[in-house]
Structures are given as C-alpha cells and as structure tokens.
Amino acid sequence: MSPYDPQSIERRWQAVWAEESTWEVANPGQPGFDAAKPKAYVLEMLPYPSGEPHVGHLKCYAVGDAIAHFRRRHGFEVIHPMGYDSFGLPAENNAIKTGEPPRVATERSIESFRRQFREWGVSIDWARELATHTPEYYRWTQWIFLQLFEKGLAYRTEAPVQWCPKDATVLANEQVVDGRCERCGTEVIQRSLEQWFFRITEYADRLLADFEQLESWPEHVITMQRNWIGRSEGAEVVFRCSEEEVGLDFPVFTTRPDTLFGATFFVLAPEHPELMRLVEGTPAEAEVREYVNRIGRESASERGAEDREKTGVPLGRSVVNPVNGDEIPMFVADYVLMEYGTGAIMAVPAHDSRDYEFAQAFGLPLRRVIEGEDAEAARDSEGLPYPGDGPMTGSGRFDGKGNRDAYEEIVAWLAAEGRGDSAVNFRLRDWLVSRQRYWGAPIPVVYCEGCGEGGAPAIVPVPAEQLPVELPEIEDYAPQGKSPLAAAEGWVATECPRCGGPARRETDTMDTFVDSSWYFLRYLDSRNGEAAWGREAVDHWFPVDQYIGGVEHAILHLMYARFFTKALADLDLLGAQEPFANLFAQGMITRDGAKMSKSRGNTVSPAEYVERYGADSARTYVCFMGPPERGGDWTDEGVEGVNRFLSRLWRLCEEVEGRTAPSAVPDLGEPAARELMAKAHWAIEKVTRDFQRGFQFNTAIAAVMELVNDAYRLKDGLYAELRTGAAVRFATATAASLIFPFAPHLGAEVYERLRGERVWEQPWPVADPELLASDTVTLIVQVNGKLRDRVEAPSEAAEEELLALAKASEKVSKHLEGKDLVKEIVVPGKLVNLVVR
RNA sequence: GCCGGAGUGGCGGAAUUGGCAUACGCGAUCGACUCAAAAUCGAUUGCCUUUACAGGCAUGUGGGUUCAAAUCCCACCUCCGGCACCA
C-alpha cells in the first residue's frame with residue numbers, strides 16, 4: 001500500500017483539466033453551447049495582483065470553487081472565470097521606490113497568481129481570463145467612461161477634495177478612513193481642484209430601493225451600504241438675510257422642521273461660498289478670515305475629533321426665521337460641514353445637542369418648543385437639549401399639537417408660502433474618479449483651445465474608434481502634485497478629434513474601482529474585439545448568481561458595481577438592474593488571533609502549505625475552520641488534522657480496492673453493512689443540506705469525516721464477505737464524491753479508482769429515504785422533563801404501544817411510584833415525556 | 001450616540017430550528033505496534049459528589065412562557081463590526 005501522496009495525485013488531475021479544458025463553457029451561438037441547461041454564474045472577486053496570493057485568496061477561491069462544483073453536479077452550466085485587477089497604487093509606489101516599471105512587477109505577480117490557482121486545482125474557465133491593465137481591457141473601460149460622459153453621468157468640476165499628501169493624489173470619500181488615507185495612513189488634507197466625478201448620487205434612491213431585488217445578501221452588508229448612502233427625510237427651509245444687510249437667501253436642510261420656532265441662531269460652514277461676501281468690509285472680516293484659514297489647515301481627523309470643543313466666529317449679520325420673522329444672528333463654525341445639506345444650518349439649541357454646546361460656549365439663548373414628558377420641567381431649561389417627542393409650545397398656532405403632526409403642517413405651510421418644501425438629503429457624495437497617478441486607465445478626453453469658448457478650453461471626448469488611449473511608457477513615476485503623465489509631452493500634445501487643431505490630453509487616470517466595476521461583464525465575452533460585450537452573451541449569463549468575496553469590499557466595490565450596472569442598463573446596454581443576485585461575504589483568516597501582516601511577521605504562505613500537505617488539505621482546511629462567513633485563526637495543527645482525514649480516505653480507498661469487488665452489491669440484510677450504508681446516505685443528506693443552507697462547509701466536511709470514521713470502524717468486520725465488503729466500497733466512493741468540491745484532486749482520484757468514472761461528470765448523489773429511515777427508534781423517556789431511560793421501540797409502533805414500553809422500563813417506573821400521572825406527551829418516533837405530581 | 005451581529009468544554013466550533021447539549025476537528029491523558037521515534041490504530045476527555053452503581057449542576061447574568069429552552073419573551077452585562085459634529 002502506498003502512502004497518500006498529494007503531490008502526484010494533484011499534478012495528475014491538474015494536467016487532465018488543463019489538457020481537456022474541462023471548465024470552459026461556450027457562449028450562445030458558439031459550438032458546444034447547450035441552451036437546454038440552466039446557467040449559473042459563480043464569481044469570486046478578482047484579485048489585485050501584488051506579490052503572491054495569500055490565505056485570504058485561498059479561502060475565497062476554495063469557497064467559490066466548492067460552490068461551482070456543487071452547481072455543476074446539479075446540472076447547471078457553470079461559468080467560473082478569473083482575472084486580475086491589475087492597475088493601482090501599490091505597483092506604482094513600488095515603481096517609485098525601485099524604478100521597476102509597474103507593468104513588469106504586475107505581470108510577474110499575475111504569473112504567480114495564475115500558476116498558484118492552477119496548483120490549487122480551482123476549476124476556472126481560462127479562456128475568459130482578463131487583466132484590467134491591458135489595452136484590450138481598458139479600451140472598454142474608457143468606452144464606458146465616454147458613455148457615462150455623454151449621458152451627463154461623468155462630469156468635471158472644481159470641488160473641495162480629499163488629498164493625500166504622501167501619495168500626492170486625490171482620494172474618493174470612501175477611501176478616507178478616520179481622516180487618513182486608506183492605503184498609506186497619511187492624514188488627508190482638503191484641497192480645491194478640478195476633478196472628474198461620476199454622478200452616483202443620481203442613483204442614490206435606486207441603490208436603496210433595489211435592495212429588494214436581491215435574493216440573498218448578508219444583512220450587515222446591506223446595512224453598511226444603507227448607512228453609507230444615508231438617506232434622511234426633512235425639509236429645505238429658506239432663511240433670508242435682509243436687503244438692508246446683503247439680500248441673500250440661505251436655504252438650510254433640516255430633519256426637524258417641527259423645531260423651527262426654536263431656532264435662535266444660524267451657522268455657516270467655513271467653506272460656505274457666500275461667507276466672505278457677508279463680512280467683506282465689516283469689522284468681523286479679519287477674524288472670520290483668520291478662523292477660516294485656521295480650519296482649512298486642519299486635517300479631517302482633527303476636525304472630526306470626538307471631544308472637540310465648539311468654536312466659531314460671529315458674522316455680525318442676521319437672517320430672518322421664516323416661521324416667525326425673528327432676526328437671528330449668524331456665525332461661522334466648523335461643526336457645520338459643507339459636504340452635507342446646504343452647508344448652512346438653523347441652530348435649535350434646545351433640541352439639538354451640538355447646537356446646545358455651541359450656545360453654551362457663546363452664551364446664546366435657548367428656546368424650548370417641544371415639551372418633554374414632564375411639562376413642569378419644560379418651563380425652565382431642565383433636561384435640555386431634549387431630542388424627543390411631545391406637545392408643541394412657544395410655536396404660535398401650533399402650540400399644543402403633537403410635534404409629529406406639527407412637522408407635517410409646518411412643511412405644508414412653508415411650501416404654500418414658497419419658503420420651503422419637504423426634501424430628502426443623502427450622505428452619499430458623487431464618486432470622484434480622477435487620480436493624479438500613472439498606473440491607471442487614462443481618461444479619454446482632450447482639451448481643445450480651438451473648440452473652447454470664453455478662454456476656457458473645451459472638453460472633447462476621444463471618439464470610440466480611436467480607443468484605447470494608450471498609457472505611454474514613462475521613466476519617472478514620482479507624482480509632483482499632478483499626474484506623472486503630464487511629463488510625457490509627446491503624448492500629451494495631440495490633435496483635437498473635433499477640429500483637428502492642437503489639443504492636450506487629460507493627464508489624470510481613472511480610479512481602479514472603475515476597472516473593477518464592470519469586469520464581471522467582460523468575462524462573458526472577454527475575447528470580443530468589436531464591443532465591450534455582445535448583448536446575447538450578457539443576456540444569457542448575467543447577472544452573477546453567486547458572488548463571493550471579503551467584507552472589506554462591502555461598501556466601495558459593491559456599491560460602485562451596482563451603480564455601473566444600473567447606469568449601463570439605463571443606456572440599454574444590458575437587461576439587469578442588479579449585478580449580484582446572491583452575495584457571500586467570507587470572514588478573514590487571522591494568525592495567532594491577529595490580522596496577518598508582513599510587519600507583524602505572522603503571514604501564512606499558501607504555497608508553503610500546498611507544498612507540504614497538498615492543495616486539497618489546504619483548501620479543505622480553510623473551509624473546515626468554521627463557518628466560512630466568519631473569520632478563523634489559522635493553525636498548523638488544524639491543517640494536519642484535515643490532512644490526516646484525507647490520508648485516511650486514501651488508505652481506505654487502497655484497501656477497498658484490493659479487498660472488494662467493484663461489481664458487488666451491498667447487502668442490506670447484514671446489520672453492520674446496513675448501518676454503514678445508512679451512514680453514507682445520512683452524509684449525502686447532511687452535506688447537501690449544509691450547502692443549500694448558506695454554505696455551512698465546516699459541518700458538511702465534518703459529516704464526511706464521520707462517514708470515513710465509521711467506514712474505518714466497520715470495515716474489518718465487513719471485508720469477510722463480498723457482499724458486505726461492497727458496503728465499505730460504497731461508503732468510500734460516496735465520501736470521495738461528497739468531498740470532491742473541497743478536495744477535488746483526491747475526490748476525483750478515489751472516485752475513479754472505485755467507480756471507474758469521473759466524479760465531476762456524475763450527478764450529485766441523492767439520499768435514499770428508505771435507508772435514512774430505521775426499523776427501530778430509540779425512545780427517550782423523560783419524567784417531568786428529565787431523562788430517565790432510553791428504550792428501543794419499533795419505528796412503526798403506535799402511540800399507546802410507545803407509552804406502554806416507556807412505562808414498562810424499570811428506571812421509569814421507579815420515578816412514577818406513588819405519584820399521579822398528569823399528562824403523557826408523545827413525540828412520534830422520538831420521545832415520551834410523562835408528567836407526574 | 002445610532003445601526004447590525006455574536007456570547008456553548010482547555011481551543012475552533014455542532015445541535016435536523018423548542019425534543020439525547022457539546023457532532024467534527026485541535027489539544028491533553030493512557031494503551032497497542034516499535035530497540036526507539038514518526039506514522040497508524042484503540043480508549044478516555046464539560047464540571048462536582050462517588051471505589052463503584054448512581055446522582056447533581058452546566059449553553060454570558062437575572063427573571064418568564066412550556067411537559068420540555070442554547071433555541072421563544074422581558075430586563076441587564078460583555079465582546080466584535082459598520083457609521084458618526086450628517087443638522
């Protein structure tokens with residue numbers, strides 16, 4: 001008997017799958033396309049190729065591959081492609097440090113990922129492979145940009161933006177975490193720059209509403225996106241700064257129009273565009289200017305600090321409260337944010353904690369307009385600020401009404417007067433997509449003086465037939481506040497496609513999240529040189545039936561991809577509104593309880609384990625560690641345990657092959673054989689159910705382990721007879737069949753040896769209900785809910801019979817003596833509970 | 001502060017959704033094989049009392065519903081994740 005040698009088994013099957021292109025599927029209209037088969041699009045998030053794959057990748061693709069195999073064997077035509085998200089900052093930063101062109105490092109890394117995915121035995125349709133940094137791909141990224149531009153969904157404007165001084169680039173709001181750059185951790189500063197945006201805010205309502213259309217997404221991912229979009233309902237109300245002063249209208253957004261009568265002052269954000277106009281030439285000007293400059297120099301995290309004192313400067317101006325005509329003083333203060341609402345607020349210190357703090361600091365009056373539960377206390381300023389509900393007070397004709405009712409009436413009244421209206425506000429900002437970096441897809445527009453008007457050059461899109469706008473080779477990748485592309489003079493200077501005159505290329509590139517917002521469409525027709533995709537292919541395969549990836553992309557990538565899908569559907573380029581019907585968010589693997597990082601030195605290299613124990617052990621282990629949606633701590637002992645199980649299956653196979661006949665039919669008359677057969681069918685049932693109920697792979701694998709353990713325990717007694725030995729062969733082949741989605745190489749090997757067939761071509765086994773049902777049941781007999789005895793009973797027995805058997809037990813009757821039987825509960829085939837007093 | 005998720009052995013975690021709590025794996029202890037080790041195989045492994053038979057107590061805490069609760073209800077505690085001066 002030879003020992004389990006994963007290396008040779010795995011090499012053998014990988015060669016078969018590569019030679020036979022086993023996992024390639026045809027598109028509609030292509031030879032080999034089977035229209036009768038239902039389709040399943042199984043997709044894992046594409047990797048960012050940097051260095052070598054890590055355990056997170058192993059887990060993601062192990063989970064995804066198990067699902068793909070499971071669906072295939074349920075009769076689905078499974079499309080399971082792979083690609084690389086190969087543009088991005090790390091490759092470029094590496095280039096700045098080492099001088100090695102990003103393309104070279106990236107392609108080396110892709111080669112390593114590709115090789116390892118093959119070594120892991122992942123069932124990928126390699127004919128569809130793509131990389132986002134190739135001109136064949138980014139040509140279409142640029143084409144999509146132009147489609148959005150034509151629709152007005154891509155636009156260029158000057159805006160205050162988040163700027164990372166270290167990476168010398170603008171960041172999307174989503175890439176700023178705690179006021180720091182998500183990538184390098186440097187504190188972000190605010191700058192005002194001309195930038196390209198995608199109008200994702202136009203889709204805010206649909207992005208919220210269409211959660212309904214999703215089949216199965218983790219609740220917390222939906223919640224995170226919902227929080228991020230941050231829809232709030234309220235009213236926009238106009239406060240006017242009188243003609244005698246400056247004659248300007250200041251709209252504010254409020255979620256509490258019911259507190260309008262309580263507004264005692266008014267605050268503008270330091271970035272508010274009308275701010276300087278209000279104080280120009282007044283005594284307040286110098287102080288306001290100094291305040292604004294000081295705030296401008298502060299970082300986002302300083303400004304957002306938790307226990308920050310309220311600061312501000314009075315403007316010496318006032319606005320009129322439209323509900324009561326009161327003149328209230330204006331301030332500038334940094335607790336008001338320009339990015340949210342209108343950058344101006346009405347301050348109601350009696351009912352808002354932030355306004356309250358500011359009022360305390362500046363000695364401003366409070367005005368209570370909603371009584372709390374305790375009307376007595378409401379007379380003085382006890383319990384303020386009060387955020388709750390109650391009857392109105394100090395609000396003219398609304399006094400005495402509930403504040404919720406007053407809310408509606410006040411909004412209606414303002415609308416009738418033309419001083420306000422109900423309004424909805426979102427936290428979501430438009431998506432800033434331009435980056436002043438080299439390693440990305442160039443934005444396909446040129447600036448033409450000749451076509452421009454009034455001195456400003458015109459933005460002229462590059463015509464689709466001239467795409468791609470290829471990224472030029474450059475020598476210096478270091479950013480100098482503008483894109484390194486700006487230095488490639490020969491590339492920047494071009495011809496205007498509209499007038500033929502001299503023009504200059506846009507030197508910014510696109511955020512890599514743009515590349516990954518549509519790759520799942522390109523897979524469906526990745527060799528198409530005429531279009532981004534053929535409509536027939538997309539209509540057949542799209543949307544993705546099962547998407548798998550880390551939670552770290554719960555907001556950014558997933559929301560951008562949803563936005564793209566909707567925008568492309570609106571352009572009639574595809575038929576679906578949502579890209580991912582089902583989402584599975586895998587948990588993170590840690591080592592020694594901590595996140596893996598190079599600096600901590602606790603990284604796990606999958607290649608090392610694949611070499612030592614085989615890909616099957618490594619893959620099965622990451623699925624067995626715990627529920628895959630949760631994280632887990634990697635231990636070497638754990639991998640060894642799984643390896644032990646697989647080699648036990650291997651030894652069982654070797655033994656069974658030599659000691660049983662392939663054609664023998666298991667004898668169900670022999671109790672041990674029957675027990676083992678029943679166990680095999682129980683395992684089929686269990687694994688199938690665990691798959692269907694949210695990919696509970698840990699328990700599915702445990703069931704196969706149990707089956708193998710039982711086969712091991714019973715085998716020696718069964719080999720004696722040909723017909724009973726057949727049960728061991730059956731159990732072993734079944735175990736191979738069930739473990740195949742996790743350990744495909746060994747699964748295929750064992751199955752082929754015992755059955756002479758390729759396991760992936762076999763339908764998923766179905767449990768025989770007759771074998772699952774047993775002749776006898778073990779009756780659990782309880783007295784007053786406490787376990788007293790276990791009694792064997794025929795499974796067909798009637799209720800009275802079961803009761804009689806239960807009472808006949810010696811242990812039970814002991815507890816019944818001298819007591820009244822109050823109630824008898826019989827759960828058929830399971831349990832008898834006798835209630836006594 | 002708001003929203004979401006979770007608390008079960010020494011550890012990762014099971015429990016057919018109200019019916020034998022702790023499957024499976026790790027770790028630990030003992031034994032077989034061996035000159036020895038590795039590998040493998042077998043046994044034990046929630047806590048307490050008991051030589052044993054047996055009994056009692058255990059699913060974060062306290063209460064409730066029920067013949068029966070890890071599971072349902074109420075209150076509380078703790079941990080993790082997301083958002084947060086968002087008007």
- Message: Work out how far the C1' atom of rA69(B) is from that of rU65(B), and round it to whole angstrom.
- Response: 10 Å
- Message: Categorize S232(A) for me: base, sugar-phosphate, or nothing, with a 4.0 angstrom heavy-atom threshold over every strand shown.
- Response: sugar-phosphate
- Note on the structure: E357(A) CD to rG1(B) P, in whole Å, measures 14 Å
- Note on the structure: Here the distance between atom P of rG1(B) and atom NE2 of H351(A), to the nearest Å, is 21 Å
- Hey, does the side chain of Y613(A) reach the backbone of D616(A) with a donor-acceptor pair shorter than 3.5 angstrom? no
- Item | Euclidean distance for C1', rC72(B) against rC79(B) (whole angstrom) | 24 Å
- Task: Provide, to the nearest angstrom, the distance between the OH atom belonging to Y407(A) and the C1' atom belonging to rA87(B).
- Result: 12 Å
- Item | Rounded C1' spacing from rA70(B) to rA14(B) in Å | 12 Å
- Any sub-3.5 Å donor-acceptor pair from R659(A)'s side-chain atoms to E657(A)'s backbone N or O? no
- Note on the structure: Whether each nucleotide of nucleotides 13-20 of chain B has a protein heavy atom under 4.0 Å at its base (B), only at its sugar-phosphate (S) or at neither (-) is summarised, 5' to 3', as SSSB--BB
- Assign V252(A) to base, sugar-phosphate, or nothing according to its heavy-atom contacts below 4.0 angstrom with the strands shown. nothing
- Closest to the 5' end of RNA chain B, once T223(A) and A344(A) are matched to their nearest nucleotides, is T223(A)
- Message: At less than 4.0 Å, is any side-chain N or O atom of R651(A) found next to OP1 or OP2 of rC41(B)? Yes or no.
- Response: yes
- Query: What integer number of Å spans the C1' atoms of rC30(B) and rC53(B)?
  - Reply: 24 Å
- Taking atom types as modelled, is there a side-chain donor on N425(A) or S232(A) under 3.5 Å from an acceptor on the other? no
- Task: Between A702(A) and E309(A), just flag the one whose closest nucleotide in RNA chain B comes earlier from the 5' side.
- Result: A702(A)
- Whole-Å P distance, rC47(B) and rG42(B): 23 Å
- Message: Donor-acceptor pair, distance only, cut-off 3.5 Å: does the side chain of T342(A) make one with the backbone of P251(A)?
- Response: yes
- If you round to the nearest 0.5 Å, how far is CZ of R308(A) from OH of Y335(A)? 13.5 Å
- Item | Rounded C1' spacing from rU17(B) to rG12(B) in Å | 23 Å
- Message: Syn or anti for rU16(B)? Use the chi torsion, O4'-C1'-N9-C4 for purines and O4'-C1'-N1-C2 for pyrimidines, with syn inside 90° of 0.
- Response: anti
- Message: Under a 3.5 Å threshold, yes or no: a donor from one side chain and an acceptor from the other, between Q225(A) and R562(A)?
- Response: yes
- Check for a donor-acceptor pair, side chain of H681(A) on one end and backbone N or O of P769(A) on the other, with a separation under 3.5 Å. no
- Query: Over how many whole Å does the gap from D710(A) atom CG to rC41(B) atom P extend?
  - Reply: 14 Å
- Item | Donor-acceptor side-chain pairing of D636(A) and Y609(A) below 3.5 angstrom | yes
- Note on the structure: Under the rule of Watson-Crick or G-U wobble with both distances under 3.5 Å, where | means paired to another strand and [ ] a crossing pair, RNA chain B maps to (((((((..(((......[....)))((((((.......))))))((((....))))..(((((..]....))))))))))))....
- Item | Whole angstrom value for the distance that separates P of rG12(B) from CZ of F697(A) | 22 Å
- What's the CZ-C1' distance between F742(A) and rC24(B), to the nearest Å? 13 Å
- rG55(B) glycosidic torsion: syn (within 90° of 0) vs anti: anti
- Query: Just by distance, with hydrogens left out, do R651(A) and Y712(A) show a side-chain donor and acceptor under 3.5 Å apart?
  - Reply: yes
- Query: Among the nucleotides rA23(B), rG82(B), rC85(B), which one has an atom lying closest to any side-chain atom of L337(A)?
  - Reply: rC85(B)
Which atom pairs link the protein and nucleotides 25-29 of chain B when you take only N or O atoms and keep those under 3.5 Å?
unit_1  : atom_1 : unit_2  : atom_2 : d
rG25(B) : OP1    : N709(A) : ND2    : 3.1
rC26(B) : OP1    : R644(A) : NE     : 3.1
rC26(B) : OP1    : R644(A) : NH2    : 2.8

- Note on the structure: d(I222(A) CD1, L558(A) CG) to nearest 0.5 Å is 10.5 Å
- Are side-chain N/O atoms of Y291(A) and T311(A) paired as donor and acceptor at under 3.5 Å? yes
- Query: Expressed in angstrom and rounded to an integer, what is the separation of D633(A) atom CG from rC11(B) atom P?
  - Reply: 14 Å
- Message: Please report the distance, rounded to the nearest Å, between CD in E552(A) and P in rC83(B).
- Response: 13 Å
- Task: Quick one: pull up OG1 in T620(A) and CG in L746(A) and give me the separation to the nearest 0.5 Å.
- Result: 8.5 Å
- Query: Between rC77(B) and rU29(B), how far is it from one P atom to the other, in whole Å?
  - Reply: 42 Å
- Whole-angstrom distance between rA68(B) and rA6(B), as gauged at atom C1': 26 Å
- Side chains of N403(A) and D258(A): is there a donor and an acceptor less than 3.5 Å apart? yes
